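This report concerns only the one structure given below.
The model shown is predicted, which means the values in this text are computed figures rather than measured ones.
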Amino acid sequence: EEKKGSDDISRELIYELWDEHLYPNYPWGFPITGAEENIRAMTRERLMACMQEHYCSHLMILAVAGMVDVQETMALANKYFSRVKKGKKLVKVNGFKNQGYPQVHSCFKETKEIHLMLGARSNYHIFNPLKCAFELLGIILGGNSSSRLFTLVRGEKGLAYDIHTHNSVYTNRADLGTYAGIDHSNLEQVIKLIIQEYRKTAASGVAHSELDLAKEYILGNMGRSLED
């Protein structure tokens, strides 16, 4: 039921299709809920085998917060986790691939609007020294209501119900994409405007004022997140 529910929400489904298209045959390209045929074929034996292989001590993190006694905490950790096996260290597959030509992935559903995602793979992973610049770029392009694409496509042109740019940064890969919820008649024009803004940014860079606003936006979000 969860799988069917997520597939019925086009705005959520497009993110699964985006990852699936960017990273075919890689774990991060698989849907979280899994394919229906795999769910139906799942057995207790397969679940237990998966747990034995992946739930190992070198893949676990024990987080302790507050005024705790270190020795007491270590004693409790050894008591409850000492039996967890070490297991084998898994080698991560490099998910970054150079893309020398445009690619399109479509999913047709009977809806009143089109859900569009346009972007590219990136090598600005979590260990890349330019990862912060990469995150700021996403904010400047479409990270909030004062961003370039939101102002142009939704504010000035009125061509999208919603438009925003996001970054996904992981240990050995990254990507940047712009989502737009639009009327069918506006598809071609919105695609042109997004590509136009990408090219303009690549050619001319960003203004100091845009960079300062993006930094303030990140700092503001960090402050609010600490209140939760």
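Here the side chains of I194 and Y198 are in contact, with some heavy-atom distance below 4.5 Å. Looking at I126 and K131, their side chains come closer than 4.5 Å, going by heavy atoms from C-beta outward.
When all heavy atoms of T178 and L149 are compared, the closest pair comes out as OG1-CD1, 3.7 Å. The shortest heavy-atom contact between H184 and I114 is CA-CD1, 3.8 Å. Between Y161 and I182, the shortest heavy-atom contact is CE1-C, 3.7 Å. For the pair L159 and N186, the tightest heavy-atom approach, listed with the atom from each and the gap, is O-ND2, 3.4 Å. The two atoms that bring Y15 and H166 nearest to each other are CE2-CE1, 3.9 Å, heavy atoms only.
Residues passing the side chain to side chain donor-acceptor pair (under 3.5 Å) test with H21, sequence neighbours excluded: Q103. With sequence neighbours excluded, the residues forming a side chain to side chain contact (heavy atoms under 4.5 Å, CB included) with E156 are T151, L152, listed by chain and number. The side chain to side chain donor-acceptor pair (under 3.5 Å) test applied to D175 returns W18, Y23, R173, not counting sequence neighbours. Under the side chain to side chain contact (heavy atoms under 4.5 Å, CB included) criterion, C132 pairs with no residue at all, not counting sequence neighbours. Residues that satisfy the ring pair (Phe, Tyr, Trp, His ring centres under 6.0 Å) test with H164, not counting sequence neighbours, are Y179.
Connection of L176 to L130 is established within a shared hydrophobic cluster, with ILVMFWY side chains joined at heavy-atom distances below 4.5 Å, either directly or through further cluster members.
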Show your working on salt bridge (Lys or Arg N to Asp or Glu O under 4.0 Å) between E36 and R40 and close with a plain yes or no. CA-CA 6 Å; E36 183 175 348; R40 293 186 179 281; 3.1 Å; yes

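A salt bridge (Lys or Arg N to Asp or Glu O under 4.0 Å) check over residues 176-191, counting only residues at least two apart or in different chains, returns the pairs E188-K192. Within the structure, the ring pair (Phe, Tyr, Trp, His ring centres under 6.0 Å) test picks out the following pairs touching residues 129-150 (sequence neighbours left out): Y124-F134. Counting only residues at least two apart or on different chains, the salt bridge (Lys or Arg N to Asp or Glu O under 4.0 Å) pairs with a member in residues 206-218 are R148-E210.
Residues M51 make up the rest of the hydrophobic cluster containing Y55, defined by ILVMFWY side-chain heavy atoms closer than 4.5 Å, directly or through other members. Through chains of ILVMFWY side-chain contacts below 4.5 Å, L62 is grouped with M60, V64, V68, L76, Y80, F81, V84. If you chain together ILVMFWY residues whose side-chain heavy atoms come under 4.5 Å of each other, V70 ends up grouped with M74.
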Give the table of side-chain donor-acceptor pairs shorter than 3.5 Å for residues 136-147, with sequence neighbours excluded, one pair per line with atom names and distance.
{"unit_1": "N144", "atom_1": "OD1", "unit_2": "S146", "atom_2": "N", "d": "3.1"}
{"unit_1": "N144", "atom_1": "OD1", "unit_2": "S146", "atom_2": "OG", "d": "3.0"}
{"unit_1": "N144", "atom_1": "OD1", "unit_2": "S147", "atom_2": "N", "d": "3.2"}
{"unit_1": "S147", "atom_1": "OG", "unit_2": "N144", "atom_2": "O", "d": "2.6"}

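Heavy atoms of other residues, nucleotides or ligands lying less than 6.0 angstrom from NZ of K200 number 12 at most.
For the atom pair CZ (R83) and CG (N78), the distance works out to 12.5 Å, reported to the nearest 0.5 Å.
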